[in-house]
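Atom set for the values below is all heavy atoms of this structure, side chains included, hydrogens, waters and symmetry mates excluded. Bear in mind the structure is a predicted one, so any value in this text is a computation, not a measurement.
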Amino acid sequence: MTGYERRLTFRMEEHFEDGHQLRLALVGELDVAVARLLVERLSELRRGGYTVRLDLMRLEFIDSSGVRELIREVDDSRREGWRLEIDPQLSEPVRRVFEMVGARSYFWPDAR
């Protein structure tokens, strides 16, 4: 599969919820081949001052580079005071990976 074909397996859909909060839905496969696309879009949204909620319900696959970028972006947002959160409703494949690597407690430290 070429890099171009790989990009077709991932897309981002966005819409506004309550004013200035943007829901960014990740669809398809978030892996090393496309993680940069997410980083670039989040950087644009951060510069625009948007509050962002990532929706991972339609992700069919995530690899370690995708998890790493999510952790990096959430960490940066916490440090810089930018509002970026990940919706706790996850697709089953993403839920399994998050549990396997212990990411749930990082993204939602107050969750029980």
Side-chain angles (χ1 to χ4, degrees):
M1 187 175 292
T2 68
Y4 177 74
E5 290 168 326
R6 200 70 178 128
R7 287 174 193 242
L8 295 177
T9 64
F10 175 76
R11 72 179 187 278
M12 294 175 275
E13 297 175 358
E14 44 190 73
H15 69 274
F16 284 98
E17 302 175 324
D18 330 301
H20 211 58
Q21 179 169 332
L22 184 122
R23 178 173 285 271
L24 183 61
L26 308 184
V27 182
E29 300 179 2
L30 178 57
D31 60 19
V32 68
V34 298
R36 192 88 223 133
L37 297 172
L38 174 61
V39 170
E40 290 168 1
R41 184 61 184 138
L42 289 175
S43 180
E44 292 168 354
L45 294 169
R46 180 183 306 124
R47 284 191 307 270
Y50 294 99
T51 296
V52 177
R53 185 170 187 89
L54 288 176
D55 179 343
L56 309 181
M57 276 298 295
R58 293 170 40 208
L59 267 185
E60 299 165 5
F61 174 82
I62 188 168
D63 71 0
S64 61
S65 63
V67 174
R68 181 181 63 241
E69 291 305 334
L70 291 175
I71 289 171
R72 183 177 295 150
E73 291 296 325
V74 168
D75 186 52
D76 287 351
S77 74
R78 289 173 180 167
R79 188 177 59 254
E80 296 171 9
W82 175 54
R83 290 229 26 231
L84 170 67
E85 54 191 45
I86 297 177
D87 192 307
Q89 294 183 355
L90 305 170
S91 67
E92 186 60 24
V94 172
R95 185 194 61 74
R96 282 194 310 267
V97 170
F98 278 16
E99 287 178 0
M100 185 171 52
V101 301
R104 287 186 70 88
S105 62
Y106 180 77
F107 294 131
W108 308 283
D110 297 332
R112 301 221 181 331

Say whether Phe16 and Leu54 are linked into one hydrophobic cluster, either directly or through other cluster members, by side-chain heavy-atom distances under 4.5 angstrom.
yes
Going through the checks in order, is the side chain to side chain contact (heavy atoms under 4.5 Å, CB included) test met by Met12 and Leu37?
CA-CA 9 Å; Met12 294 175 275; Leu37 297 172; 4.2 Å; yes
If you draw a 6.0 Å radius around CD in Gln89, do more than 12 non-hydrogen atoms from other residues or ligands fall strictly inside?
no
Strictly distance-based, threshold 3.5 Å: is any side-chain N or O of Asp63 a donor or acceptor partner for the main-chain N or O of Val32?
yes
I need the minimum non-hydrogen distance between Leu30 and Ala35, along with the two atoms involved.
CD1-CA, 3.9 Å
Name all residues meeting the ring-ring contact (aromatic ring centres under 6.0 Å, His included) criterion together with Phe107; count only those two or more places apart in sequence or in a different chain, and write none if there are none.
Phe98
Hey, what do you get for CG (Leu45) to OG (Ser77), rounding to the nearest 0.5 Å?
12.5 Å
Could Glu99 and Arg96 be called an ion pair, given the rule that one side-chain N must be under 4.0 Å from one carboxylate O?
no
Apply the test salt bridge (charged side-chain N to carboxylate O under 4.0 Å, His left out) to residues Glu13 and Arg23: give CA-CA distance (whole Å), side-chain angles for both, the deciding distance (0.1 Å), then the verdict.
CA-CA 8 Å; Glu13 297 175 358; Arg23 178 173 285 271; over 6 Å; no
Just by distance, do the side chain of Thr51 and the backbone of Gln21 share a donor-acceptor pair under 3.5 Å?
no
What pair of heavy atoms forms the shortest contact from Trp108 to Ile86, and how long is it?
NE1-O, 2.7 Å
Does any part of the side chain of Leu59, heavy atoms only, come nearer than 4.5 Å to the side chain of Val27, both counted from C-beta?
no
Do Leu56 and Leu70 come close enough that some side-chain heavy atom pair is under 4.5 Å?
yes
Using a 4.5 Å cut-off on heavy atoms from C-beta on, say whether the side chain of Leu84 contacts that of Leu42.
yes
From CG (Asp31) to CD (Glu69), nearest 0.5 Å:
12.0 Å
Sub-4.5 Å side-chain heavy-atom contact between Leu38 and Leu24
yes
Consider salt bridge (Lys or Arg N to Asp or Glu O under 4.0 Å). Of Arg79, Arg46, Arg83, Arg68, which one does Glu73 pass it with?
Arg46
Restricting to non-hydrogen atoms, name the atom on Arg78 and the atom on Pro109 that form the minimum distance, rounded to 0.1 Å.
NH2-CD, 4.1 Å
What's the shortest heavy-atom distance between Asp87 and Leu90, and which atoms?
O-CD2, 3.7 Å
Does Val101 form a side chain to side chain contact (heavy atoms under 4.5 Å, CB included) with Val67? I'd like the steps, not just the answer.
CA-CA 9 Å; Val101 301; Val67 174; 4.2 Å; yes
If the condition is ring-ring contact (aromatic ring centres under 6.0 Å, His included), which residues does Tyr106 pass it with, not counting sequence neighbours?
none
Taking the side chain from Trp82 and the backbone from Val74, do they hold a donor-acceptor pair closer than 3.5 Å?
no
Nearest 0.5 Å, please: how far is CZ in Arg58 from OG in Ser91?
11.0 Å
